[in-house]
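Heads up, the thing below is written out as structure tokens.
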Amino acid sequence: MSVVVHDLVRLYGNQCAVDHVSFEVGSGEIAGFIGPNGAGKSTIMKIICGYLPATSGSVSVNGFDVERQSMDARRSIGYLPEHNPLYQDMYVKEYLTFVAGIYGIGNATRQRISDVVDATGLGNEQHKKIGVLSKGYRQRVGLAQALIHDPAVLILDEPTTGLDPNQILEIRTLISETGKSKTVLLSTHIMQEVEAICRRTIIINKGVVVANATVDDLKKQYGKSLEDVFHTLTQ
């Protein structure tokens with residue numbers, strides 16, 4: 001398994017944000033990670049990426065323990081946070097070169113930039129400043145930086161928020177293609193997005209996993225649509 005979360009707990013003072021959460025996501029799988037605001041999704045994703053320590057429990061990524069083998073685990077992850085942090089005054093290609101340098105890609109930098117620019121459809125935008133790009137293209141830049149080091153695992157937190165319908169379809173297609181060869185954990189509030197590109201869905205509510213099954217199985221058990229399932233399990 002590429003991502004294994006076991007008995008994860010995260011406390012903020014007396015508040016339990018993540019309450020003994022366990023799940024696995026395998027190679028070549030796109031798993032939807034959904035829940036209401038404040039359910040603990042972003043906290044769990046940050047723990048997986050090594051940005052937050054767990055209070056207890058364990059996480060491994062691509063076989064590396066996130067706490068004990070932090071740098072190896074981080075090298076295996078491409079992360080696109082909900083609020084895509086980009087240097088607005090940098091040119092797209094300049095920014096990707098900068099990120100490649102952080103990952104120590106070295107002599108392969110030029111080829112990797114070419115590959116991710118092609119994969120994310122940034123060919124006509126690569127010589128523009130990030131600040132002048134539309135939100136859709138800024139999201140593409142965020143995905144490109146997440147892919148630049150060819151990670152085994154992608155962690156995507158609300159990758160299509162604020163995009164128009166055409167941009168959403170384009171990003172969904174990109175995620176679907178990428179997910180054929182990588183492990184993808186995708187957090188979103190858009191149920192149609194989960195149904196369109198995720199085979200399996202993990203639903204979290206109040207820091208607890210309340211469902212972990214295929215989309216089809218959840219719909220058969222709880223309702224006609226994933227939205228019905230969501231409302232049933234998170235009320």
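Worth saying up front: this structure is predicted, and the values here are computed from it rather than measured. We number each residue from 1, following the sequence as shown.
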Open item on the list: Please check if the number of heavy atoms outside Tyr91 that lie under 6.0 Å from its OH is greater than 12.
Closed with: no
- [ ] Take Ile190 and Arg172 through the side chain to side chain contact (heavy atoms under 4.5 Å, CB included) test and state the conclusion after the steps.
- [x] CA-CA 12 Å; Ile190 305 171; Arg172 283 182 190 173; 3.8 Å; yes
Task: Check against side chain to side chain contact (heavy atoms under 4.5 Å, CB included), Ile47 and Val66 - done: CA-CA 8 Å; Ile47 292 172; Val66 168; 5.7 Å; no
- [ ] Output yes when a side-chain donor or acceptor of Thr55 lies under 3.5 Å from a complementary backbone atom of Leu11, and no otherwise.
- [x] yes
TODO: Examine the side chains of Asp217 and Gln221 and answer whether a donor and an acceptor come within less than 3.5 Å of each other.
DONE: no
Open item on the list: Let me check something: do Val210 and Ile202 share a hydrophobic cluster, defined by ILVMFWY side-chain heavy atoms less than 4.5 Å apart, either directly or through other members?
Closed with: no
TODO: Following the transitive rule for hydrophobic clusters with a side-chain heavy-atom cut-off under 4.5 Å over Ile, Leu, Val, Met, Phe, Trp and Tyr, establish whether Met90 and Leu147 coincide in one cluster.
DONE: yes
Open item on the list: Taking atom CD as the centre, does Gln126 end up with more than 12 heavy-atom neighbours from other residues, nucleotides or ligands that are less than 6.0 angstrom away?
Closed with: yes
Task: Non-hydrogen atoms of Thr120 and Leu174 that approach each other most closely - done: CG2-CD2, 3.8 Å
TODO: Show your working on side chain to side chain contact (heavy atoms under 4.5 Å, CB included) between Thr201 and Thr214 and close with a plain yes or no.
DONE: CA-CA 6 Å; Thr201 303; Thr214 66; over 6 Å; no
Open item on the list: Is there a side-chain contact between Thr43 and Leu52 in this structure, where contact means two heavy atoms from C-beta onward sitting under 4.5 Å apart?
Closed with: yes
Open item on the list: Could you tell me if the side chain of Val5 sits less than 4.5 Å from the side chain of Ser22, heavy atoms only?
Closed with: no
Open item on the list: Show the nearest heavy-atom pair for residues Val153 and Ser2, with the distance to one decimal.
Closed with: CG2-CB, 3.9 Å
Task: Minimum side-chain heavy-atom gap Ile34-Val194 below 4.5 Å - done: yes
- [ ] Indicate yes or no: at least one non-hydrogen side-chain atom of Leu8 is less than 4.5 angstrom from one of His20.
- [x] no
Task: Heavy-atom side-chain proximity of Glu29 to Arg200 below 4.5 angstrom - done: yes
Task: Rounded distance [0.5 Å steps], OG in Ser134 versus CG in Asp164 - done: 8.0 Å
TODO: Please step through side chain to side chain donor-acceptor pair (under 3.5 Å) for the pair Arg74 and Ser70, ending with a clear verdict.
DONE: CA-CA 6 Å; Arg74 293 185 191 201; Ser70 176; 3.1 Å; yes
Open item on the list: When you group the ILVMFWY residues by side-chain heavy-atom contacts below 4.5 Å and let the links chain together, are Leu156 and Val99 in the same group?
Closed with: yes
Open item on the list: Which heavy atom of Leu186 sits nearest to which heavy atom of Cys198, and what is that distance?
Closed with: CD2-SG, 3.9 Å
Open item on the list: Give me the atom names and distance for the closest heavy-atom approach of Glu82 to Ser42.
Closed with: OE1-OG, 4.3 Å
Open item on the list: Evaluate Asp115 against Gln111 for side chain to side chain donor-acceptor pair (under 3.5 Å), listing each step before the verdict.
Closed with: CA-CA 6 Å; Asp115 290 345; Gln111 185 60 52; 2.8 Å; yes
- [ ] Over 60° means perpendicular and under 30° means parallel, so classify the ring planes of Phe33 and Phe23, tilted if in between.
- [x] tilted
TODO: Verify the cluster assignment for Leu169 and Ile30: are they in a single hydrophobic cluster under the rule of side-chain heavy atoms below 4.5 Å apart?
DONE: no
Open item on the list: With rounding to the nearest 0.5 angstrom, report the CG to OG1 distance, Asn62 to Thr183.
Closed with: 7.5 Å
Task: Contact summary for Pro151 and Ala146, nearest pair of heavy atoms - done: CG-O, 3.3 Å
- [ ] For the pair Arg10 (side chain) and Pro53 (backbone), establish whether a donor and an acceptor sit closer than 3.5 Å, ignoring hydrogens and angles.
- [x] yes
- [ ] Run through Glu158, Gln145, Lys135, Gln139 and flag the one making a side-chain hydrogen bond (donor to acceptor under 3.5 Å, both in side chains) with Asn84.
- [x] Gln139
Give every donor-acceptor pair under 3.5 Å between a side-chain atom in residues 227-235 and any protein atom, sequence neighbours left out.
{"unit_1": "Asp228", "atom_1": "OD2", "unit_2": "Lys224", "atom_2": "N", "d": "3.4"}
{"unit_1": "Asp228", "atom_1": "OD2", "unit_2": "Ser225", "atom_2": "N", "d": "3.3"}
{"unit_1": "Asp228", "atom_1": "OD2", "unit_2": "Ser225", "atom_2": "OG", "d": "3.2"}
{"unit_1": "Thr232", "atom_1": "OG1", "unit_2": "Asp228", "atom_2": "O", "d": "2.9"}
{"unit_1": "Thr234", "atom_1": "OG1", "unit_2": "Phe230", "atom_2": "O", "d": "2.6"}

Open item on the list: Just by distance, no angles: are the side chains of Asp157 and His83 close enough, under 3.5 Å, to form a donor-acceptor pair?
Closed with: no
Task: Side chain to side chain, Val215 and Leu218, heavy atoms closer than 4.5 Å - done: no
TODO: Check the pair Arg140 / Glu125 against salt bridge (charged side-chain N to carboxylate O under 4.0 Å, His left out), numbers first and verdict last.
DONE: CA-CA 10 Å; Arg140 289 170 184 260; Glu125 317 299 322; over 6 Å; no
Open item on the list: For a 4.5 angstrom cut-off between non-hydrogen side-chain atoms, does Glu24 reach Val3?
Closed with: no
Open item on the list: Between the side chains of Asp216 and Arg199, is the shortest nitrogen-to-carboxylate-oxygen separation below 4.0 Å, so that they form an ion pair?
Closed with: no
Task: Cluster check Ile203, Val25: I/L/V/M/F/W/Y, side chain < 4.5 angstrom - done: no
TODO: Verify side chain to side chain contact (heavy atoms under 4.5 Å, CB included) between Glu193 and Thr160, making sure each step is shown before the conclusion.
DONE: CA-CA 9 Å; Glu193 193 160 279; Thr160 59; 2.6 Å; yes
Open item on the list: More than 12 heavy atoms of other residues, nucleotides or ligands under 6.0 Å from NZ of Lys46: yes or no?
Closed with: no
TODO: Answer whether the closest heavy-atom distance between the side chains of Ile102 and Phe98 falls below 4.5 Å.
DONE: yes
Open item on the list: If I compare all heavy atoms of His189 with all of Gly35, which pair ends up nearest, and what's the gap?
Closed with: NE2-O, 3.7 Å
TODO: Walk me through it: do Glu94 and Lys129 pass the test salt bridge (charged side-chain N to carboxylate O under 4.0 Å, His left out)?
DONE: CA-CA 9 Å; Glu94 177 189 16; Lys129 281 192 174 182; over 6 Å; no
